[in-house]
Asker: 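Handing you this structure, nothing more for now.
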Number of protein chains: 2
Amino acid sequence: MELETRYEAEPGSVRPGGRTARVRAAVLRAAEDVLAEQGFAHLDLADVARRAAVGKTTVYRRWGTVANLVADLLADMAEQSVPRTETGSLLGDLTANARLVQRTLTDPRQVALFKAVIAAATWDTRTAQALRRFYDIRVNEWAPCVQQAIDRTEIPPDTDPREVIRAVSAPLYYRLLISGEVLDQAAADRAAAAAVAGARAGVYRRDGDRGSA
Amino acid sequence: MELETRYEAEPGSVRPGGRTARVRAAVLRAAEDVLAEQGFAHLDLADVARRAAVGKTTVYRRWGTVANLVADLLADMAEQSVPRTETGSLLGDLTANARLVQRTLTDPRQVALFKAVIAAATWDTRTAQALRRFYDIRVNEWAPCVQQAIDRTEIPPDTDPREVIRAVSAPLYYRLLISGEVLDQAAADRAAAAAVAGARAGVYRRDGDRGSA
DNA sequence: CCGCTAATGGAACTAGAGACCCGTTATGAG
DNA sequence: CTCATAACGGGTCTCTAGTTCCATTAGCGG
């Protein structure tokens with residue numbers, strides 16, 4: 001992105017008050033609308049500028065590319081933290097997590113955004129980084145419930161909590177992106193159950209020794 | 001794609017011999033090269049035509065869009081069937097499958113192609129269909145090894161074989177597309193072990209009753 | 001409240017992806 | 001072998017995403 005050197009991608013810190021923040025909010029909102037209504041393929045910065053009632057130049061100056069805009073959208077979303085519920089059992093906690101993911105990936109607005117981000121992340125490094133940061137945060141938020149299951153001796157003590165959380169999400173994203181099967185609550189519950197089964201069998205232990213043999 | 005009505009996307013069946021086949025092969029090969037070298041973002045049909053030493057018009061006439069080209073590339077690849085090994089145990093078979101997927105998603109040329117296809121599939125319906133056909137074929141090829149495990153009473157009789165196979169792939173694709181963690185053989189083995197653990201626990205049974213409680 | 005200047009916005013400009021015209025090549029049926 | 005025509009290809013045109021220029025607006029330090 002040679003844009004980064006030519007312009008300031010982010011207004012940085014010099015004068016981020018009032019108007020700048022307003023413009024950013026309007027543009028992100030408009031981008032979200034376009035994504036939800038017409039999808040990633042029609043996401044054109046000039047069009048976003050028009051909808052946001054903002055100068056085309058401004059959008060190109062501050063974001064420059066579709067990938068940057070989409071990455072910023074994700075960063076914005078990452079700030080809204082979702083509270084984690086506690087049910088007292090690993091299966092209960094992971095099911096809650098799986099259903100949360102499933103609801104997210106079923107909501108038309110959100111699914112459009114996530115598909116766009118994931119697509120952009122396959123070819124744009126900056127977007128890929130933003131995506132990983134986002135999921136790092138999410139995974140860290142949920143990892144404690146696996147630790148609690150370890151403390152309750154539900155699962156082996158050297159289980160990697162983050163790996164278990166990721167195991168819950170994986171089949172759901174697989175459905176969304178690859179197989180295209182319906183993402184219903186049953187799928188979510190199955191994902192959670194599978195993660196629990198794996199954890200109990202010692203699949204997600206930190207050392208190389210895999211259980212289940 | 002109103003192109004479909006204006007041109008013939010596929011030459012169909014009238015005269016597919018010699019030259020037409022040669023052109024198709026050259027274009028697909030060139031597209032693969034561009035993907036591997038410069039990635040999806042730089043995949044320009046005119047450039048592909050130049051590399052393939054083929055008229056730009058021909059490429060636009062027969063494929064029309066980047067998504068179509070990429071979908072055709074995948075369809076071409078789907079025809080090369082990979083032989084399935086049989087090890088005598090479910091874990092052995094699924095590990096072989098997982099390692100095959102892992103090798104595919106590690107090979108630079110193939111990974112570029114798969115990322116491009118998956119990205120295109122998030123916004124192009126035809127590509128999404130091609131993608132699902134591809135994995136339908138692959139899943140069907142491997143499902144029998146799960147059926148054999150059922151016959152050996154390794155896992156519950158009402159296990160859905162296709163769901164087990166998909167469970168093996170899901171974490172690997174998750175790493176590739178989302179978390180960005182390294183896709184090594186250990187990850188593949190873990191994916192296989194997790195699928196076995198889930199299958200044994202009855203997670204992938206056809207009815208609604210999930211095991212593992 | 002004033003003024004400096006960061007940030008925005010309109011408008012004209014440019015480049016290149018993709019569409020189209022029409023002449024040329026060579027496949028495959030008879 | 002011959003010929004009708006399916007399929008290819010060069011050249012040109014169009015349209016629009018992205019860039020640049022410069023005038024205008026409005027944060028924010030004083």
Asker: Arg19(B) CZ to dA6(D) C1': how many Å, rounded?
Answerer: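 For the pair Arg19(B) CZ and dA6(D) C1', the rounded distance is 8 Å.
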Asker: Measure the distance from CH2 on Trp63(B) to P on dA7(D) and round it to the nearest whole Å.
Answerer: 12 Å
Asker: Tell me, yes or no, whether the heavy-atom count around Arg84(B) atom CZ, taken from other residues, nucleotides or ligands under 6.0 Å, exceeds 12.
Answerer: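 Above 12, so yes.
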Asker: Quick one: does Arg61(B) reach the base of dG18(C) with a side-chain donor-acceptor pair under 3.5 Å?
Answerer: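 Absent.
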Asker: From the options dG18(D), dC8(D), dT20(D), select the nucleotide whose nearest atom is closest to the side chain of Thr20(B).
Answerer: dC8(D)
Asker: Could you give the distance from CZ (Arg175(A)) to CD (Gln102(A)), rounded to the nearest 0.5 Å?
Answerer: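 Taking CZ in Arg175(A) and CD in Gln102(A), the distance rounds to 10.0 Å.
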Asker: Over how many whole Å does the gap from Arg62(B) atom CZ to dA19(C) atom C1' extend?
Answerer: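 Rounded to the whole Å, the gap is 18 Å.
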Asker: Cut-off 3.5 Å, no hydrogens considered: what does the side-chain donor-acceptor table look like for residues 128-138 of chain A, sequence neighbours left out?
Answerer:
from: Tyr135(A); atom 1: OH; to: Tyr173(A); atom 2: OH; distance (Å): 2.5
from: Asp136(A); atom 1: OD1; to: Arg162(A); atom 2: NH2; distance (Å): 3.1
from: Arg138(A); atom 1: NH2; to: Gln80(A); atom 2: O; distance (Å): 3.4

Asker: In this structure, how many angstroms lie between the P atom of dA17(C) and the CG atom of Leu69(B), rounded?
Answerer: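 Answer to the nearest Å: 15 Å.
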Asker: With rounding to the nearest 0.5 angstrom, report the CG to CG distance, Leu69(B) to Leu73(B).
Answerer: 6.5 Å
Asker: Just to confirm, is there a sub-4.0 Å distance from OP1 or OP2 of dG18(C) to any side-chain nitrogen or oxygen of Tyr60(B)?
Answerer: yes
Asker: Expressed in angstrom and rounded to an integer, what is the separation of Arg50(A) atom CZ from dT16(D) atom P?
Answerer: 11 Å
Asker: What integer distance in Å separates His42(A):NE2 from dT16(D):P?
Answerer: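 Distance check: His42(A) NE2 to dT16(D) P gives 12 Å.
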Asker: Taking for each residue the nucleotide of DNA chain C with the nearest heavy atom, is it Lys56(B) or Arg22(B) whose nucleotide lies nearer the 5' end?
Answerer: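 That would be Lys56(B).
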Asker: From C-beta outward on Asp44(B), which listed nucleotide comes closest to its side chain: dC8(D), dT25(D), dG18(C)?
Answerer: dG18(C)
